[in-house]
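We name chains A, B, ... by the order of the sequence lines, and we start the count at 1 in each one. Everything numeric in this text was worked out from a predicted model, so none of it was measured. Note: hydrogens, waters and symmetry copies are ignored here, and every other heavy atom, side chains too, is used.
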Number of protein chains: 2
Amino acid sequence: MGQEIKPAVRTARRSAKGPTVADVARLAGVSAMTVSRVINNEGNVLPETRERVEAAIAATGYVPNPAARSLASGRQRRIALLHANPSAAYLSEFLVGSLAEASACDAQLLVEHCSESEPTAALVARLRSHNIDAALLPPPLADDGALLAALKAEGILMAQVATGLPASFAHAVSIDDEGAAMDITRRFIAAGHRRIGFIAGNTNQTASALRRAGYERALTEAGIAIDGDLIAQGDFTYRSGLDAAAKLLALPQRPTAVFASNDDMAAATVTAAHRAGLEVPRELSICGFDDTAIATTVWPELTTVRQPIADMARRATRLLVEAIDAGAAATAPRHELLKFTYIERGSTAPPAGV
Amino acid sequence: MGQEIKPAVRTARRSAKGPTVADVARLAGVSAMTVSRVINNEGNVLPETRERVEAAIAATGYVPNPAARSLASGRQRRIALLHANPSAAYLSEFLVGSLAEASACDAQLLVEHCSESEPTAALVARLRSHNIDAALLPPPLADDGALLAALKAEGILMAQVATGLPASFAHAVSIDDEGAAMDITRRFIAAGHRRIGFIAGNTNQTASALRRAGYERALTEAGIAIDGDLIAQGDFTYRSGLDAAAKLLALPQRPTAVFASNDDMAAATVTAAHRAGLEVPRELSICGFDDTAIATTVWPELTTVRQPIADMARRATRLLVEAIDAGAAATAPRHELLKFTYIERGSTAPPAGV
DNA sequence: GCAAGCTATGATAGCGCTAACACAAAAAGG
DNA sequence: CCTTTTTGTGTTAGCGCTATCATAGCTTGC
């Protein structure tokens, strides 16, 4: 009889979790929607309202719940990290950087290995089925024109990392490879070296050409003739470095310094020098590129140029997240250059007798 | 006048996304809740009902929406991958494995670097603030007793990877280090080697002791006396391998084979042999451990034992996810052993003159 | 033979957030 | 001056799933 007694509001399911939009809204004296607008940086919010909400967010220590967000918005940011055997050291640093940014931005990172044998079409189909929004392309994939075109055709956003030739339709993050190579070469010249060998990198990576261009430009600038004999072709592997260095060191007038296009080949050059009975750096200066782990593994440790791989990965990931969010409001792809750092270690010195 | 006309149900927000529990429920002729029960493998579902639901799931191609799941259940699985400079190659493979499993299980992976200088307490506090449920511990962290204890005290689940000494309260995934070391040593013996050098690994990793034990056991088993002079201490770095190898090769009666506790030190042994004018493998056989990238970088390529690092990371991640889900129903920690593989390359041969 | 205890299932009400619409107040336009 | 448009904000209704409670049917036990 009479009214049924309404049961007391059930105790909340969640147990003492963080504050929600509602809490913030109450404190700021606005609706939850307005809080949402502020969080998502939407327009049409009075500056003073925005401030009030931001103060409330700070006061409550509110952090948006990503699950609720993506459920409500139906949005999701899935980024594939495509890789085809770059060196493990490179990949590892890259992964750490992009994973950090991805989780900070609440994006999902999928790591996909691309064997060279797999047809591009199959790969793209695989990405499609995983519902990928964007792809992160470290070298050498960043320079795979067919892949870039296929991704573009599928409407998958992409970011090329460390490419020498950014595509007009892709985001890109690189360092100034040519400038770095010039820097190294100039330093050799300034130290008194005149016969400077160069070990080129794999031609399937555009950065290789830039590094060579930097080397040549620095020589020209200093009035030193470019000598084809001093340029040996490598492919970024230790093995190729061994052969290239052997060729340079066998020259009747051998170089007093060698600039290898990456650390693996520079390390190989150290080994080749030792085999040839040359002391490094007294009789041969050697400089690498990238500052990967091998640079400090060999003896003497390599002078090299540090590429901020993790930072590059972070930036590239961020660019993709922003591009995904922009969605239809497609912003023009951005091409960023990050700073490199010359790192002097024990493998370089002025030429003997200077 | 008359009834207001109810506006037609607004078109769904989502645009042609996949099927939901409701779709499956309708097809199976049950309620959404029952579908949920089946998905989550809960009890109290009639076998035949379960079957019907499973058929419906297969028919519709239903895939649970992780965001909705974690929003509704309030659950989340946050796993931290703690690392303190293992080799880049190791970390990279590890990351790929655990990331793959984490995204398959819908867990969030946070990568945290632990500098040795950071007090354990500070690290643990950091994890707490990130709301970490579990931690993945690759070596050498897997053997850091203080860290293990601190994590346990905080109620953070953990999985040790490649440890030689699993804690009673932690999950662990390893290979049979001792067995692998025995295998290598036995093969040397079978090939005719009698003076077999050993380069031990860093004593801060328990696997080091196991590898040494395996080496000694194989010798004893073959009736070969253990000669302390043939055992050199290293610390897993290339540099330490250089010194250790130099010491072994300087012995009045030098070994015809050297078993290094990891590939870096084995690679260093190759270099030391070359410096000493010894041909590998004719005059000196060398075997490494781990099969990291450096094994195929040096010349000749290293014979070694492959540790399935990515698989171990995958398994460990899976164990943690299951442990998190078990929650209060704390299952006993599991300790798993994965298979290793002996990989014969160019750095080993029977001793000269046999 | 009926209270007490199971078991299998369903109904309901959110989880925290945001899309879509509603609506006042202000600005712009003729 | 009265439309139109714009702007800032609020209201409502879910997103897809699961915790919780309700409810049938079935066992038990004395």
Identify every side-chain donor-acceptor pair in residues 47-54 of chain A under 3.5 Å, counting partners at least two apart or on other chains, and give the distances.
from: A:R50; atom 1: NH2; to: A:E42; atom 2: O; distance (Å): 2.8
from: A:R52; atom 1: NH1; to: A:A28; atom 2: O; distance (Å): 2.6

Rounded to whole Å, please give me the gap between [atom1] in [X] and [atom2] in [N].
X     : N      : atom1 : atom2 : value
B:R75 : C:dG16 : CZ    : C1'   : 17 Å
A:N65 : D:dC17 : CG    : P     : 16 Å
A:D23 : C:dC15 : CG    : C1'   : 14 Å
B:L71 : D:dG14 : CG    : C1'   : 12 Å

Value rounded to 0.5 Å, distance of [atom1] in [X] from [atom2] in [Y]:
X      : Y      : atom1 : atom2 : value
B:L320 : B:I79  : CG    : CD1   : 5.0 Å
A:E322 : A:R334 : CD    : CZ    : 6.0 Å
B:D23  : B:T20  : CG    : OG1   : 4.0 Å

Legend entry - Evaluation steps, side-chain contact (heavy atoms from CB on, under 4.5 Å), between A:L141 and A:C114: CA-CA 9 Å; A:L141 261 22; A:C114 312; 3.9 Å; yes
Inset, instruction - Consider the side chain of A:V30, meaning its heavy atoms from C-beta on, and name the nucleotide among D:dC17, D:dG10, D:dC15 that approaches it most closely. - result: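 The closest nucleotide is D:dG10.
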Inset, instruction - Please identify each residue that fulfils ring pair (Phe, Tyr, Trp, His ring centres under 6.0 Å) with A:H83, with sequence neighbours left out. - result: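 Per chain and number, A:H83 pairs via ring pair (Phe, Tyr, Trp, His ring centres under 6.0 Å) with A:H113.
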Legend entry - All pairs passing ring-ring contact (aromatic ring centres under 6.0 Å, His included) where residues 41-66 of chain B contributes a residue, at least two apart: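 Passing the test, one end in residues 41-66 of chain B: no pairs.
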Inset, instruction - Could you tell me, to 10°, how much the axis swings from one end of the helix from C:dG1-D:dC30 to C:dG30-D:dC1 to the other, five pairs per end? - result: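 The end-segment axes of the helix from C:dG1-D:dC30 to C:dG30-D:dC1 are tilted 30° relative to each other.
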Inset, instruction - Give me the residues of residues 31-54 of chain B where at least one heavy atom lies under 4.0 Å from an atom of DNA chain C, by number, or none. - result: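 Correct list: B:S31, B:M33, B:T34, B:R37, B:N44, B:V45, B:L46, B:T49.
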Inset, instruction - Under the side chain to side chain donor-acceptor pair (under 3.5 Å) rule, collect the residues that match up with A:S92, sequence neighbours excluded. - result: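 Applying side chain to side chain donor-acceptor pair (under 3.5 Å) to A:S92 gives none.
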